[in-house]
*Asks:* 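Got a structure for you, questions after.
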Amino acid sequence: MTSAQIEIQIIAALVAMACAIPGVFLVLRKMALITDAISHSILPGIVIGFFITQDLNSPWLILLASLTGVLTVFLVERIQKSGLVKEDTAIGLVFPALFSIGVLLIAKNANDIHLDIDAVLLGEIAFAPFDRIFWNGIDFGPKSLWIILSILVVNLSLLLFFFKELKLSTFDKGLSTALGFSPVVVHYGLMTMASVTTVGAFDAVGAILVVALMIAPAAAAYMLTNDLKKMLLLAVCFGALSAILGYWLAYFLDASIAGSITSVLGLVFLSVYLFAPHKGILSILYRNKQQQIEVSLITFLLHLNNHDEKSERHIKHLNEHINWHKVKSKKVVELAQKNNMIRIENEYISLTEKGKSFTDLAINYIITNDDSKIESIKEDFFLFRG
Amino acid sequence: MNISEYIQLLFTDYTLRTITIGTAILGAVCGMLGSFAVLRKQSLLGDAISHAALPGIAIAFLITGTKDTNILLIGALISGLLGAFWIRQITSKTHLKSDTALGLILSIFFGVGMMLLTFIQKMPNANQAGLDKFLFGQAATLLAKDVWTLGIVSSICLVIVFTFWKEFKILLFDEAYAKTLGFNTQRIDAIITSFIVLAIILGLQTVGVVLMSAMLLAPAAAARQWTNKLSVMVFLAAIFGMFSGIFGTAISASQSNLSTGPVIVLVASVFVVFSFIFSPNRGILFKQIRLSQNRKDLQLNKTLQFMFEIVKTHKNISHPHTIKILNNFQGYTKRTLKKLEDKKYIEVNGQMWSMTKEGYHFSANLYNQDTSQNND
Amino acid sequence: MTQKKIAVAIDDLTVAYNYKPVLWDIDLEIPEGVLMAIVGPNGAGKSTLLKSILGIIEPVAGSVSVFEKSYESQRKKVAYVPQKGSVDWDFPTTALDVVMMGTYGSLGWIKRPGAKEKKASLEALEKVGMLAFRDRQISQLSGGQQQRIFLARALVQNAEIYFMDEPFQGVDATTEIAIINILKELRKLGKTVVVVHHDLQTVPEYFDWVTFLNVKKIATGPVKDIFNDDNLTKTYGINYKVSLLQ
């Protein structure tokens with residue numbers, strides 16, 4: 001590995017980590033799409049900033065572009081509040097307009113500006129090692145490395161200092177307001193953090209793929225845990241890992257680094273989405289199947305519990321009255337028998353003692369809205385699951 | 001080139017005419033179907049689908065090696081639908097919310113698409129040039145047969161919308177109720193959604209994957225401001241969309257180096273901004289004016305009410321009072337007095353004023369109005 | 001007293017959301033011509049019961065019949081007034097237009113409403129006292145007026161059975177009286193009206209029939225027979241007394 005390769009990987013990993021932190025909060029606050037709006041609408045800010053500073057890595061440019069991002073959020077919220085259009089439409093109106101302005105500014109000034117459309121969409125992380133900081137003749141490494149490192153450090157310190165506030169305002173807005181943390185300050189603080197990070201990452205991965213770096217690690221982490229600290233840690237790890245793997249994928253395919261990082265992120269999310277232990281799709285499908293038959297079982301037991309009259313307890317009644325298909329009712333009866341919940345005498349079904357006490361408990365929990373306890377009594381009573 | 005020259009060119013230049021007709025049709029059909037997307041609160045689904053179409057274009061090229069637009073668009077359609085399907089599955093099966101699902105799918109599919117595009121560009125002897133027109137759109141690449149495709153699909157769309165108008169309307173407004181009336185809402189939903197997806201895919205060549213969603217939303221959002229009737233809204237959205245297409249093409253054709261997508265979107269955004277500000281019923285400007293008018297009326301009514309309280313104590317309602325008594329009242333100015341006189345609620349005579357019958361009647365009923373009247 | 005015909009028969013109905021049962025083994029018979037309230041605490045499944053009767057929600061088990069035939073074949077005899085909050089009132093349409101939607105069911109696919117449907121809709125608007133507002137955009141109506149529009153839409157259906165989900169929620173006193181008068185008029189015409197109701201206080205005054213529901217059916221019958229402390233307590237859990245309601 002050449003030193004340029006190592007530097008690119010470090011920068012990519014830092015970008016991914018810096019993005020993952022605000023990303024987690026945006027996903028939890030159901031505001032993931034605001035990153036889409038910010039990342040598109042900072043473009044005119046960057047272009048105009050570039051006209052003024054002539055340097056893509058200038059701190060002034062970062063400041064100006066971040067301001068455009070926060071302004072966009074403000075604009076979107078104003079339009080939402082005006083009631084002129086629905087909420088999601090507001091986002092969908094603002095960012096294409098601003099992005100178009102950016103694209104046209106670049107196209108019209110293609111000769112004076114060393115920004116092209118490819119750089120806007122994909123970033124130019126591959127060139128990052130060429131723009132270095134020299135001080136007193138000593139090489140301090142790539143400029144963008146320092147920029148993204150400072151953004152990461154700022155994000156981390158904000159996270160450490162305001163962890164409590166961020167957590168509280170994300171999970172319990174009412175309580176946090178009551179305790180005196182202004183939701184507006186936290187909200188715009190987070191938006192500023194997201195804007196600055198987006199601008200910092202823009203140079204490396206371009207306008208649209210920033211969105212993937214913010215959302216995908218957080219979404220993947222959210223599939224695995226509900227604990228905020230674990231989620232942050234996982235998201236940062238997923239981001240860094242995908243950045244490095246993505247670099248090598250790009251290397252072997254001779255394709256765009258940013259595109260490859262996003263593809264790896266997609267794969268990471270896909271595998272978590274499929275295989276996550278509790279919330280993954282396979283585990284959900286399996287559980288659904290089990291639940292489906294168990295709900296039918298409980299329904300059936302309850303029916304027996306409700307009705308003493310013989311006509312309601314005849315085995316044929318299951319098919320006719322409860323309106324189940326034959327296969328299903330057979331399965332349900334078998335499961336109930338296996339668990340010693342019912343007995344069948346002369347085609348009439350009745351509850352056993354065990355079946356009766358199980359049903360009584362279940363009814364009680366459902367009426368008191370204590371559904372979660374049903375799972376635990378299932379554990380106690382069932383010898384065989386559905 | 002000035003406008004009249006351009007219009008002349010429009011009639012003489014075959015290519016320009018083809019392109020303009022193409023973008024006009026596209027704008028109109030997007031505006032029409034976009035109205036449904038906006039009212040269904042599916043504004044951003046279009047964004048996700050259009051971004052998700054990109055890898056399909058790249059893969060279709062990798063498999064077939066052709067640059068035939070129709071084949072590439074079939075690839076786009078498949079991957080766009082795949083993206084939409086995945087979004088639906090994420091939101092229905094997992095605890096992730098729709099915003100996360102939308103952002104995730106649009107960015108990841110787009111990333112994969114970009115990776116494949118750059119991969120294709122580096123391939124030896126691949127005739128790759130031209131695939132990137134799908135990013136921001138290039139109307140100049142519209143051929144007569146593309147316009148024919150657009151025209152045919154749009155006509156089918158129009159017929160469908162016209163035929164199922166009643167069904168679309170009730171589904172958009174109250175889906176559960178439509179179900180109780182016996183309509184198969186899933187089927188209506190499938191019809192609307194598939195036509196929206198079709199419009200997105202057809203627009204990719206002209207407007208591009210990045211900005212296609214705005215083509216759906218902007219004309220509809222602008223149209224909504226001018227009317228309270230669904231039919232008028234859909235019609236206006238089609239008109240706005242059509243003109244966005246025509247003007248956008250004209251502007252980008254008269255300049256070098258401009259992709260049509262951003263220009264068309266900007267023209268449509270101008271329609272939106274204009275409508276937001278100047279529409280008579282919902283627009284910000286007139287709302288502001290009405291608000292300050294109401295405030296002034298309120299001030300006037302308060303003064304009148306104060307006078308009414310004084311007049312009430314007298315048997316003769318037109319008994320004159322001195323203007324001086326009003327000095328203690330905060331809302332009172334010379335101007336309000338003049339205005340009340342203009343409205344014939346009072347008469348001023350030197351330093352005295354008296355209430356007219358009309359004024360008495362008006363102020364007596366001021367706070368007894370049907371509350372429902374004040375809900376506008 | 002003559003034996004009343006059964007308008008709606010619900011048999012062993014069980015409904016689950018995400019595999020959590022919200023309605024359990026409901027058996028319920030609604031006699032023809034009653035004005036019935038469904039009462040129960042929040043989350044008791046009142047709206048869910050209506051929605052599963054109407055086929056908006058698919059039940060896990062059980063069946064519903066209307067006048068002794070399947071609901072699907074009797075759809076045209078049933079009208080529904082959903083909760084006011086269930087739709088977007090900023091939708092670009094007018095009061096008359098919403099009421100006309102009530103005629104869509106009998107029109108079926110593709111056919112458009114004509115003069116006959118318009119006349120019926122105007123009559124329904126007049127009945128609920130909203131004729132003057134026929135061309136108003138629906139967002140410009142007050143909550144009570146919106147509810148009346150919904151009621152008119154159901155009246156246009158000219159059904160035998162009316163299901164209403166919380167029609168008195170968030171409406172002014174005038175509207176409440178207007179609505180209950182229309183409901184009583186419907187009963188006089190021999191129609192059956194089923195209302196999900198929140199305000200226990202008004203049950204004896206408005207209704208002649210009541211169903212207590214809390215996931216299971218607690219009781220159903222004439223208000224004068226079963227609206228008592230015992231059933232209230234069984235339904236709401238705490239010690240409820242009819243006398244405290246007054």
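Predicted model only: the values in this text are computed from it and were never measured. To find a chain, count down the sequence lines: A is the first, B the second, and so on, and within it residues start at 1.
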*Asks:* Any idea which of B:Gly111, B:Gly261, B:Ala101, B:Ser279 has the most non-hydrogen atom pairs under 4.5 angstrom with chain A?
*Replies:* B:Gly111
*Asks:* Can you list the residues of residues 30-37 of chain A that sit under 4.5 Å from chain B, counting heavy atoms only?
*Replies:* A:Lys30, A:Met31, A:Ala32, A:Leu33, A:Asp36
*Asks:* When only pairs under 4.5 Å are counted, which of B:Leu266, B:Val265, B:Val112 shares the most heavy-atom pairs with chain A?
*Replies:* B:Leu266
*Asks:* Heavy atoms only, distances under 4.5 angstrom: which of B:His51, B:His95, B:Lys93 has the most pairs with chain A? Name it, please.
*Replies:*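 That would be B:His95.
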*Asks:* Are there residues of residues 31-47 of chain B whose heavy atoms fall under 4.5 Å of chain A's heavy atoms? If so, which?
*Replies:* B:Val38, B:Lys41, B:Gln42, B:Ser43, B:Leu44, B:Asp47
*Asks:* Is A:Leu84 close to chain B through its backbone or its side chain, or both, or neither, when contacts mean heavy atoms under 4.5 Å?
*Replies:*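 Answer is both: backbone and side chain atoms of A:Leu84 are under 4.5 Å from chain B.
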*Asks:* Of A:Thr262, A:Ile208, A:Val211, which meets side-chain contact (heavy atoms from CB on, under 4.5 Å) against B:Phe110?
*Replies:*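 The passing option is A:Ile208.
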*Asks:* Give the member of A:Ala212, A:Gly280, A:Gly206 that has the highest number of heavy-atom pairs under 4.5 Å with chain B.
*Replies:*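 Among A:Ala212, A:Gly280, A:Gly206, the one with the most close pairs to chain B is A:Ala212.
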*Asks:* Considering only heavy atoms and a distance below 4.5 Å, find which of A:Leu104, A:Val85, A:Val264 pairs most often with chain B.
*Replies:*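 Greatest number of close heavy-atom pairs with chain B: A:Leu104.
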*Asks:* What's the shortest heavy-atom distance between B:Ala221 and A:Thr89, and which atoms?
*Replies:*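 Closest approach of B:Ala221 to A:Thr89: CB-CG2, 4.3 Å.
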*Asks:* For A:Gly83 and B:Arg282, work out which heavy atoms get closest and say how close.
*Replies:* O-NH2, 3.4 Å
*Asks:* Using 30° and 60° as the class boundaries, would you call the ring planes of A:Phe269 and B:Trp86 parallel, tilted or perpendicular?
*Replies:* tilted
*Asks:* For chain B, find which of A:Val94, A:Ile91, A:Ile101 contributes the most heavy-atom pairs closer than 4.5 angstrom.
*Replies:* A:Ile101
*Asks:* Who wins among A:Ile281, A:Leu121, A:Val27 for the most heavy-atom pairs under 4.5 Å with chain B?
*Replies:*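 Option with the greatest count: A:Leu121.
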*Asks:* Heavy-atom distances under 4.5 Å only: say whether B:Val270 touches chain A with side chain, backbone, both or neither.
*Replies:*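 It is neither, since no heavy atom gets under 4.5 Å.
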*Asks:* Pick whichever of A:Ser256, A:Ala218, A:Ser39 has the most heavy-atom pairs under 4.5 Å with chain B.
*Replies:* A:Ser256
*Asks:* Between A:Leu213, A:Leu265, A:Leu122, which residue shows the highest count of heavy-atom pairs closer than 4.5 Å to chain B?
*Replies:*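 Among the listed options, the one with the most contacts to chain B is A:Leu122.
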*Asks:* Based on non-hydrogen pairs under 4.5 Å, which of B:Ile284, B:Leu102, B:Val210 is most in contact with chain A?
*Replies:* B:Val210
